[in-house]
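Quick caveat, the model's predicted, so the values are computed rather than measured. Throughout, residue positions are numbered sequentially from 1 according to the sequence presented.
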Amino acid sequence: MKVSPLSRRRALLGLTALAVPSCRCSNPPPPAAEAGSAAGTGSAATAGWKELAFEPAAGEGEGPQRALLLAPDGAAALPLLVALHGRGEAVRGPEVGARGWRDDYRLDAALRRLASPPLTPEDLGQMATRERLAQLNASLAQHPYRGLCIATPFTPDLRDRSAEGAAGFGRFVVERLLPRARAESGCQAAREATGIDGVSLGGRLALLVGLSHPDVFGAVGALQPAVRASEAEMFSALARRAMERRPVALRLVSSEADPFLPAIRAISDRLRQDGVAHELLVVPGPHDYAWNRGPGGIEMVLWHERVQRGLSPP
């Protein structure tokens, strides 16, 4: 049987996803000036963002840490989301990595559009079905987007990719980043109003850290997490232990051309088999910066804002 070039490419992507535990986005971000122009960054878009520096601490890994914190007007009434970037930013160092969601993924543009609905196909980079776009807009029409405080720390590319290997980074997030973010912003401190999410490498770490601390995070999500199908049992066991301690709102998001999709489906299947409540959402798009700037950021922010406000997500 003759195999088409497209089928051969898809097969290679699938094998790559199984072999590689973390993935760099395929399209590098534009230079800072170009990104600022396209996303409307600069003084208006960066308003409300604070840069946070942390000195090294024992048990958290090597080197200093950096994070950005978005504290909008009325932050005292807002939930808090920790958003982790991908490997493309991890290899560029703490200062660049901490700015990944703001500068490379253009999160400000997504936040502006959520605050001024309805969303259009262009807002999601033409990577949304009519049905999904209608669901997002119906949710925004029923309950206007009120905002989140968002902390975006540098996300390390850890050699030990187990839950134990992520424990040091988890301690930094729970014991230093969250208290500092709450002190700087005055945002809500309740568990139910605290979430963690991330993309690719960051999605993997969000699952490991969030499910290891169900007493801290009421909502745990992962966008195109860099996982393997062989890890389904490990992630399901981690989720089961978390749910036994405290119920956690759990969501996995992937896309049709995401090389990690087969592994993400395998983990979702195992979670379902083991009775772990969760949501799996698969939308159009590849595994790259364009997706992060479109469906990735909008889906992440809106889901957490809904769940952390006690609303039904779209």
What orientation do F54 and F172 show, parallel under 30°, tilted 30 to 60°, or perpendicular over 60°?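 F54 vs F172 ring planes: perpendicular.
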Within the 3.5 Å criterion, strictly below it, is a donor on [X] or [Y] matched to an acceptor on the partner's side chain?
X: W291; Y: D258; answer: no
X: S255; Y: Q224; answer: yes
X: T129; Y: E131; answer: no
X: T194; Y: R182; answer: yes

I'd like to know whether [atom1] of [X] has more than 12 heavy-atom contacts from other residues, nucleotides or ligands below 6.0 angstrom.
X: R265; atom1: CZ; result: no
X: D73; atom1: CG; result: no
X: R146; atom1: CZ; result: no
X: E233; atom1: CD; result: no

Smallest separation among heavy atoms of [X] and [Y], with atom names:
X: P118; Y: R113; value: O-NH2, 2.7 Å
X: L84; Y: W101; value: O-NE1, 3.1 Å
X: L68; Y: A98; value: CB-O, 3.9 Å
X: A206; Y: V220; value: O-CG1, 3.7 Å
X: L208; Y: S162; value: CD1-O, 3.8 Å

I want to check something: taking the side chain as every heavy atom from C-beta on, are [X] and [Y] in contact at a cut-off of under 4.5 Å?
X: E51; Y: E95; answer: no
X: R92; Y: H85; answer: no
X: L78; Y: E305; answer: no
X: P314; Y: R306; answer: yes
X: M300; Y: Y105; answer: no
X: V276; Y: M243; answer: yes
X: S200; Y: H287; answer: yes
X: H143; Y: S139; answer: no

Cluster check L205, V96: I/L/V/M/F/W/Y, side chain < 4.5 angstrom: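 No, because L205 and V96 fall into different hydrophobic clusters, even though each may have its own neighbours under 4.5 Å.
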Single-linkage hydrophobic cluster V174~F154, side-chain heavy atoms < 4.5 angstrom: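 No, separate clusters.
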Enter the distance from [X]:[atom1] to [Y]:[atom2] here, rounded to the nearest 0.5 Å.
X: R191; Y: H213; atom1: CZ; atom2: NE2; result: 13.0 Å
X: R204; Y: R228; atom1: CZ; atom2: CZ; result: 7.5 Å
X: L124; Y: L119; atom1: CG; atom2: CG; result: 6.0 Å
X: E299; Y: M127; atom1: CD; atom2: CE; result: 11.5 Å
X: H278; Y: R272; atom1: NE2; atom2: CZ; result: 4.5 Å

Hey, what else clusters with W303 if you join Ile, Leu, Val, Met, Phe, Trp, Tyr whenever side-chain heavy atoms sit under 4.5 Å?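 V307, all in the cluster of W303.
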Verify salt bridge (charged side-chain N to carboxylate O under 4.0 Å, His left out) between E192 and R246, making sure each step is shown before the conclusion. CA-CA 11 Å; E192 292 75 16; R246 302 287 296 273; 3.8 Å; yes
Applying side chain to side chain contact (heavy atoms under 4.5 Å, CB included) between L80 and each of L178, L70, I196, I150, report the one that passes.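 Result: among L178, L70, I196, I150, L178 is the only option passing the side chain to side chain contact (heavy atoms under 4.5 Å, CB included) with L80.
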So which of V253, L252, L261, I264 actually passes side chain to side chain contact (heavy atoms under 4.5 Å, CB included) with V282?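 For V282, the side chain to side chain contact (heavy atoms under 4.5 Å, CB included) check succeeds only for L261.
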